[in-house]
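Computed over heavy atoms, backbone and side chain alike; hydrogens, waters and symmetry mates excluded.
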Amino acid sequence: MSDRDRAEGFLIGTLVGGLVAGISALLFAPKSGEDLRKDIADQADEWKNQASDYASDVKQKGQELYSEARQTGEDLANTAKQAGNRYRDNAELALNKAKADLKSNISDDDVDVDELLDSLQETADQTLDRDKDITEDIIKQAKKDVES
């Protein structure tokens with residue numbers, strides 16, 4: 001059972017219980033018909049005001065929870081983006097270091113360094129694209145979870 005269902009059930013139970021108790025008290029009190037009708041009308045107005053106040057409080061709390069959830073989702077999305085950017089930057093640094101190490105340690109007669117570097121670059125690009133797609137999927141899912 002969701003919190004909303006529980007809140008609605010509590011509200012209905014409170015209103016019905018208050019209504020039954022109030023009517024019982026009014027009907028069993030020794031008063032004239034005019035006084036009784038006035039008391040019933042006054043009590044009905046009071047219950048209406050209480051229900052309106054309660055509904056307003058519930059609405060405000062719901063808006064607060066929605067705002068908090070939305071902010072949490074945005075924070076999560078920003079964190080994921082930052083992590084992806086850091087990963088990309090670190091991968092590029094590692095690739096550049098690997099290129100420099102290869103050029104300095106392998107002679108052109110042993111290996112076609114340019115071909116090897118192109119292959120490394122292609123692999124790094126594919127890895128970055130894959131990781132970018134994964135990060136974007138995570139961000140989209142987090143936003144969807146927060147909005148629902």
Enquirer: For Ser52, does its backbone N or O pair with a side-chain atom of Ser56 as donor and acceptor, under 3.5 Å?
Expert: no
Enquirer: Less than 3.5 Å apart, any donor N or O on the side chain of Asp75 or Gln71 sitting next to an acceptor on the other?
Expert: yes
Enquirer: Which residue pairs pass the salt bridge (charged side-chain N to carboxylate O under 4.0 Å, His left out) test with at least one member in residues 43-53, sequence neighbours excluded?
Expert: none
Enquirer: In Å, rounded to the nearest 0.5 Å, how long is the span from NZ of Lys81 to CG of Asn78?
Expert: 6.0 Å
Enquirer: Check the hydrophobic clustering (I, L, V, M, F, W, Y; side-chain heavy atoms under 4.5 Å; chains of links allowed) and say if Ile12 and Trp47 are grouped together.
Expert: no
Enquirer: Should Lys61 and Asp57 be marked as a salt bridge (Lys or Arg N to Asp or Glu O under 4.0 Å) after you check the CA-CA gap, both sets of side-chain angles, and the distance that decides it?
Expert: CA-CA 6 Å; Lys61 185 65 176 173; Asp57 290 345; over 6 Å; no
Enquirer: Share the residues that join Leu65 in a hydrophobic cluster, the rule being Ile, Leu, Val, Met, Phe, Trp or Tyr side chains under 4.5 Å apart at the heavy-atom level.
Expert: none
Enquirer: Could you state the interatomic distance from CD (Gln63) to CZ (Arg70), rounded to the nearest 0.5 Å?
Expert: 13.0 Å
